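Working notes for the structure below.
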Amino acid sequence: MKIIVITLFPEIFNALNSGISGRALKNNLLTLTFINPRDFTHDPYHRVDDRPYGGGPGMVLKPEPLWEAIMAAKSQLPSAKVIYLSPQGKTLTQKHIQNGASQKEIILVAGRYEGIDERIVTMLIDEEWSIGDYVLSGGELAAMVVIDALIRCLPGSLGDEASREQDSFTSGLLDYPHYTRPEIFAKMTVPEVLLRGNHQAIQRWRMKQSLGRTWLRRLDLLKQRLLSQEQQALLDEFMQEYTE
Ligand SMILES: C[S@@+](CC[C@H](N)C(=O)[O-])C[C@H]1O[C@@H](n2cnc3c(N)ncnc32)[C@H](O)[C@@H]1O
């Protein structure tokens, strides 16, 4: 997968050089490059922002440098969708990320200040993506969230591919609880079923916890999902025990 990010602050993305994303970049599962709109300014001060027409607070990213930066990115990745990270975009879910990960090329545009000139949105942006109903100071952190989540979906990115399947949201449910050594910590013991080595019983317990947690915390997810007879029985069991 190839991603170009249009950003005034490419150095922020250094944080992606650690952990799973760092390994994916090193192994070329993902090629990540940056284009800085400031490199497409033609005035002595390299200005990328200006005051908003109509007055009011803040500055707006000027259209000309952004236009040239996006065009330069499009010439390198001709089949890429151009995505603007924006609090006004569609709120991302794991499904959107999984669809995004099937694309070979993506161009991400990180805004700053009050945002980018609307004419760029109208002419060059294919989609707007939001990472949640809150406002960041810039699109860089949002782009990094998107890139990290995309990387987890790329085959070969995880030490154990099975961990993607059990991740929250992948199957439409929340993940089950995890435990590691020691067996007793702060007087709390690990659930016995996990110590006995009966894989079928462990699978059953994990599915029941997954269903139960989703019921307790994210009923909206459970309502979107058709449960098998066995899953419904496990959930009923969980609900029964919870309300006892
Ligand atoms: C201060 S924000 C501009 C917010 C804009 N005035 C508004 O209220 O819609 C600056 C930039 O941060 C990015 N940004 C802020 N919040 C975001 C979010 N929730 N998701 C994605 N990008 C976000 C966008 O790229 C935006 O252009």
Side-chain angles (χ1 to χ4, degrees), residues 1-16 21 30 32-41 45-74 76-77 80-103 105-154 167-169 218 220-221:
M1 175 178 231
K2 291 182 180 165
I3 297 181
I4 296 180
V5 187
I6 314 285
T7 171
L8 291 173
F9 301 105
E11 65 279 4
I12 293 178
F13 291 81
N14 286 341
L16 286 172
S21 53
L30 175 80
L32 183 61
T33 48
F34 305 96
I35 293 183
N36 192 332
R38 209 175 287 283
D39 296 336
F40 296 88
T41 49
Y45 304 106
H46 301 290
R47 283 197 67 178
V48 288
D49 59 327
D50 210 332
R51 282 168 291 138
Y53 273 118
M59 302 295 270
V60 178
L61 273 173
K62 285 165 68 63
E64 306 95 318
L66 258 184
W67 174 278
E68 288 189 38
I70 294 172
M71 284 307 182
K74 277 164 85 84
Q76 289 178 40
L77 303 182
K81 274 196 174 154
V82 183
I83 315 289
Y84 173 40
L85 281 315
S86 160
Q88 300 179 26
K90 70 176 171 201
T91 310
L92 289 180
T93 64
Q94 186 66 19
K95 258 202 194 94
H96 295 127
I97 293 292
Q98 275 157 359
N99 288 340
S102 65
Q103 310 285 311
E105 305 179 338
I106 299 182
I107 297 168
L108 298 175
V109 179
R112 279 271 151 181
Y113 317 116
E114 291 306 319
I116 68 180
D117 188 289
E118 191 63 24
R119 291 164 291 186
I120 294 293
V121 178
T122 306
M123 288 189 293
L124 293 183
I125 300 298
D126 297 310
E127 288 180 27
E128 293 182 53
W129 291 0
S130 164
I131 63 160
D133 288 350
Y134 42 82
V135 177
L136 305 165
S137 309
E140 286 77 11
L141 289 178
M144 284 167 69
V145 166
V146 167
I147 293 166
D148 185 85
L150 287 172
I151 285 174
R152 282 188 74 78
C153 295
L154 299 179
D167 272 347
S168 293
F169 311 114
R218 291 295 302 271
D220 58 314
L221 293 179

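The figures here come from the full heavy-atom set of this structure, side chains too, leaving out hydrogens, waters and symmetry mates. Just so you know, ligand 1 is whichever comes first in the structure, and atom 1 is the first atom listed for that ligand. As the structure is a prediction and not an experimental result, all values here were calculated from the model.
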Check your understanding: Could Lys62 and Asp117 be called an ion pair, given the rule that one side-chain N must be under 4.0 Å from one carboxylate O?
Key -> no
Check your understanding: Between Glu105 and Lys81, is there a salt bridge with N-O shorter than 4.0 Å?
Key -> no
Closest protein heavy atom to [atom], given as residue, atom name and distance to 0.1 Å:
{"atom": "atom 24 (C) of ligand 1", "result": "Leu85 O, 3.0 Å"}
{"atom": "atom 23 (C) of ligand 1", "result": "Pro87 CD, 3.6 Å"}
{"atom": "atom 26 (C) of ligand 1", "result": "Tyr84 OH, 3.8 Å"}
{"atom": "atom 20 (N) of ligand 1", "result": "Ile131 N, 3.1 Å"}
{"atom": "atom 6 (N) of ligand 1", "result": "Glu114 O, 3.1 Å"}
{"atom": "atom 10 (C) of ligand 1", "result": "Tyr113 O, 3.3 Å"}
{"atom": "atom 7 (C) of ligand 1", "result": "Gln88 NE2, 3.7 Å"}
{"atom": "atom 19 (N) of ligand 1", "result": "Tyr134 O, 2.8 Å"}

Just which atoms of ligand 1 are under 4.0 Å from any heavy atom in [X]?
{"X": "Val135", "answer": "1 (C), 2 (S), 4 (C), 16 (N)"}
{"X": "Gly111", "answer": "11 (C), 25 (O), 27 (O)"}
{"X": "Ala142", "answer": "21 (C), 22 (N)"}
{"X": "Trp129", "answer": "21 (C)"}
{"X": "Ser86", "answer": "20 (N), 21 (C), 22 (N)"}

Would you say ligand 1 has an N or O under 3.5 Å from any N or O of [X]?
{"X": "Gly115", "result": "no"}
{"X": "Gly132", "result": "yes"}
{"X": "Val109", "result": "no"}

Review point. Is the count of non-hydrogen atoms from other residues, nucleotides or ligands lying under 6.0 Å from Arg38 atom CZ greater than 12?
Key: yes
Rounded distance (nearest 0.5 Å) linking atom [atom1] of [X] with atom [atom2] of [Y]:
{"X": "Arg112", "Y": "Ser137", "atom1": "CZ", "atom2": "OG", "value": "6.0 Å"}
{"X": "Leu154", "Y": "Ser21", "atom1": "CG", "atom2": "OG", "value": "11.5 Å"}
{"X": "Leu85", "Y": "Glu127", "atom1": "CG", "atom2": "CD", "value": "11.5 Å"}
{"X": "Asp133", "Y": "Thr91", "atom1": "CG", "atom2": "OG1", "value": "5.0 Å"}
{"X": "His96", "Y": "Trp129", "atom1": "NE2", "atom2": "CH2", "value": "8.5 Å"}
{"X": "Gln94", "Y": "Arg152", "atom1": "CD", "atom2": "CZ", "value": "8.5 Å"}

Exercise for review: Determine whether Tyr84 and Ile116 make a side-chain contact, defined as any pair of heavy atoms from C-beta on separated by less than 4.5 Å.
Suggested key: yes
